[in-house]
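Heads up: the structure comes next, in structure tokens.
Just so you know, residue 1 is the first one in the sequence shown, and it goes up from there.
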Amino acid sequence: VQVPHLESAANQPQALPYASVNISTRGVVKTEVTTARGQDFNLFVSIPPDTAYAAYTLELHNPAGQLKWSLRIPASSPDDTRSIHVPGAGLEQGTYQLVVKGITASGQSLDLGNYPVEVQLQK
């Protein structure tokens with residue numbers, strides 16, 4: 001079943017809210033993003049270059065600490081900034097945790113840190 005107006009909307013460009021997370025930042029720096037209920041947003045994640053890792057795993061945990069999603073991305077370039085599309089369905093207002101892990105070539109997972117992302121929902 002195809003719904004023409006949904007198919008058309010899916011193929012249109014969108015201006016989405018975004019927030020930036022810098023993995024090399026020490027200390028607690030809360031990233032904030034304001035979005036409408038159910039609206040997607042983008043996280044720009046800057047990962048410092050490190051040849052020790054073949055890939056990274058990004059996990060987003062909701063304010064209750066439950067895993068919302070997990071994404072594995074390959075390590076690629078010296079300036080490794082990625083745009084991560086965060087689906088808005090089921091998002092609630094509050095502080096999420098972006099957990100970043102480095103994956104070595106042998107498959108070992110090393111925790112690189114937790115980064116708070118404050119999601120504010122427009123009324």
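Remark: S83 engages no residue in a side-chain hydrogen bond (donor to acceptor under 3.5 Å, both in side chains) (not counting sequence neighbours). Every side-chain hydrogen bond (donor to acceptor under 3.5 Å, both in side chains) that E118 has, sequence neighbours left out, goes to T95, Q120. For S20, the side chain to side chain contact (heavy atoms under 4.5 Å, CB included) criterion is met by Y18, F44, not counting sequence neighbours.
A distance-only check finds no donor-acceptor pair linking the side chain of Q97 to the backbone of H61 [under 3.5 Å].
You'll find the side chain of D50 reaches within 4.5 Å of the side chain of Y56, heavy atoms only. Between Y96 and L43 the shortest side-chain heavy-atom distance does not fall below 4.5 Å. Between I47 and I73, some side-chain heavy-atom pair lies under the 4.5 Å cut-off. Side-chain contact between P48 and I23 is present, with heavy atoms from C-beta onward closer than 4.5 Å. Within the 4.5 Å cutoff, side-chain heavy atoms of V119 are placed close to those of F41.
Summarising the geometry of P17 relative to T34, their closest heavy-atom pair is CB-O, 3.4 Å, with the distance given to 0.1 Å. R37 approaches L91 most closely through the heavy-atom pair NH1-O, 4.0 Å. Closest heavy-atom contact between K68 and A89: NZ-O, 3.4 Å. Closest non-hydrogen pair, S109 versus K101, comes out as OG-CD, 3.5 Å. Of all heavy-atom pairs spanning Q39 and A15, the tightest one is NE2-O, 4.4 Å. The heavy-atom pair separating N22 from Y115 by the smallest distance is O-CE2, 4.0 Å.
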- [ ] Begin from the C-alpha positions of N114 and L98 and carry the test side chain to side chain contact (heavy atoms under 4.5 Å, CB included) through to its verdict.
- [x] CA-CA 6 Å; N114 296 352; L98 180 67; over 6 Å; no

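If you take NE2 on H85 and CG on D40, they are separated by 3.5 Å, rounding to the nearest 0.5 Å.
Under a hydrophobic clustering in which Ile, Leu, Val, Met, Phe, Trp and Tyr are joined whenever their side-chain heavy atoms come within less than 4.5 Å, directly or via other members, I84 and V21 fall into the same cluster.
With V86 as the fixed residue, the side-chain contact (heavy atoms from CB on, under 4.5 Å) test singles out one of L60, V117, L71: L60. With L110 as the partner, the side-chain contact (heavy atoms from CB on, under 4.5 Å) test is satisfied by one option alone out of I103, T104, V100: T104.
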